[in-house]
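Worksheet: one structure, shown below.
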Amino acid sequence: MPPIIKISDAKDYVGQVVTVRGWLKRKTGKGKINFLRVRDGSGIFQAVAFRPNLGDEKFAKVKSLTTESSIILTGEIKADERAPGVPGGYEMDIQEIEIVQLAEPYPIAPKEHGVEFLLDNRHLWLRSDRQWAIQRVRATVIRAIRDWLDEHDFLNVDTPILTPAAGEGTTTLFEIDYHGQPAYLAQTGQLYNEANIFAFGKVYCFGPTFRAEKSKTRRHLQEFWMVEPEIAFCHLDELLEIEEQFVSYIVQRTLAERADELKLLGRDTSKLENVTPPFPRLRYDDAVDMINEAAAAGVTVPPKDEPLTPIEWGDDFGAPHETYIASQFDRPVFVTHYPTAAKAFYMEPDPDRPEVCLSADLLAPEGYGEITGGSERMSDPEKLLAAIHAQGLPEEAFDWYLDLRKYGSAPHSGFGLGVERTVAWITGIKSVREAIAFPRVLGRINP
Ligand code: 4AD
Ligand code: MG
């Protein structure tokens, strides 16, 4: 029996007869020869059916194949530089074919489909070359995240999904019924991370988070994955050093391990190669000036070439503002010291200037917007209680969080990195909805 191999290992079997199990993506050719583009999950290659070699009966089987039929092919692996595929350069000369299932007419044709149609068929759309490449990049991004944190002494301590109170503002809460009591899907694991650092020093949580975002944008999902590192005895400047090391590692590791996938996606990787520390740091005040100068000069912003609108000190940035700021740098840029009133209740105000806080958002280049948000946390229990009241949050739900400031309080900092935005940026795709297998976007829960 020939060995069963992965398409990605074809290079190790040149001249040998092997078996591959997979799915037919496309069949071309006519007369005596048919070319099958075959996928098995590990890679994509071409298998060649040549009638004189196969005989009429087996060749007829090949001819009967429909798109997405599941098949088992046996044949000889040949090296040929021109052979298409991923990684490419190897093809199979078919000797035997077994049809596991002859697929029904496949709803996704090679033509352009509307995105709503594709999202309705997300369970099938995932089989496309593009989606395959994107999910493989995502898996590498996730592995890089864990490896960097594990190797830098961060302990993975996961945090609850069912929570009693808001962590990131009350306007994006998904409320659920917790046995007659209201509860909410976690918007963040951060508050629990803050408990965990006093036991473990440096921690991270990593899981799905939920935001009832009221609009459909290229950057927002209702359910997204976030990794949140948190560090005891850490100030903002040290936090930014950790973030730039971390983000650079993720990008460089993905470039090294997913070159084939990025090429398939047509990503211009030269833009990612310079993602190395240090990243530029810009204060919110200076970012506002930068935006207002550009707005006065009539600058427009992609993707729609909208004119940049001026902003007032204190406003949060819109997507075009972030895009413009990021476009001024060749790598991600930190915007620090946002207005305290515009940010979450737990951020530490700047001691010299309490109207701004010790916060930082990291803006990705090329219009991908904020990929991390972080800050130094308030460490004084009285100030924190006042901030909780000021935001109208229920004090009872934060008793335990206030305790953290009573028993060995210490300066501490952390950040959250959104996986889908990071993947969208690295892969160069337009929207975060393709960066997760089954996206939850406003107005859609299926499939
Ligand atoms: O800036 P955010 O809201 O920060 C927090 O949740 C903090 N508790 C994190 C922390 O300090 N531990 O979200 C962090 C990141 C954003 O920078 C963005 O990348 C991503 O999460 N994000 C979203 N991604 C997709 N869809 C959404 N609706 C997102 N909201 C935030
Ligand atoms: Mg944020």
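Both ligands and their constituent atoms are indexed starting at 1 by order of listing.
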Exercise. For the residue pair His412 and Phe198, does the interplanar ring angle fall in the parallel (under 30°), tilted (30 to 60°) or perpendicular (over 60°) class?
Worked result: perpendicular
Exercise. More than 12 foreign heavy atoms under 6.0 Å from OH of Tyr178: is that the case here?
Worked result: no
Problem set entry | Neighbour count >12 (heavy atoms, 6.0 Å) for atom CD, Glu112 | no
For this session: Mind checking the CG-CD spacing from Asn196 to Gln190? Nearest 0.5 Å is all I need.
Result: 12.0 Å
For this session: Run the salt-bridge test on Glu91 and Arg82 with the 4.0 Å N-O cut-off and return the result as yes or no.
Result: no
Problem set entry | Geometric cation-pi criterion Lys343 and Tyr338, 6.0 Å radius, 45° cone | yes
Problem set entry | Parallel, tilted or perpendicular: ring planes of Phe345 versus Tyr401, cut at 30 and 60 degrees | perpendicular
Exercise. List-wise, which protein N, O or S atoms are found short of 2.8 Å from the Mg ion (ligand 2)?
Worked result: Glu370 OE2
Problem set entry | Amino acids contacting ligand 1, non-hydrogen cut-off under 4.0 Å | Glu168, Thr188, Gln190, Arg211, Glu213, Arg219, His220, Leu221, Phe224, Met226, Glu228, Tyr346, Glu370, Ile371, Thr372, Gly373, Gly374, Arg377, Gly414, Phe415, Gly416, Gly418, Arg421
Exercise. Using 4.0 Å as the upper bound for N to carboxylate O, is an ion pair formed by Asp129 and Arg37?
Worked result: yes
For this session: State which residue, out of Glu434, Glu261, Glu420, fulfils the salt bridge (Lys or Arg N to Asp or Glu O under 4.0 Å) condition with Arg138.
Result: Glu420
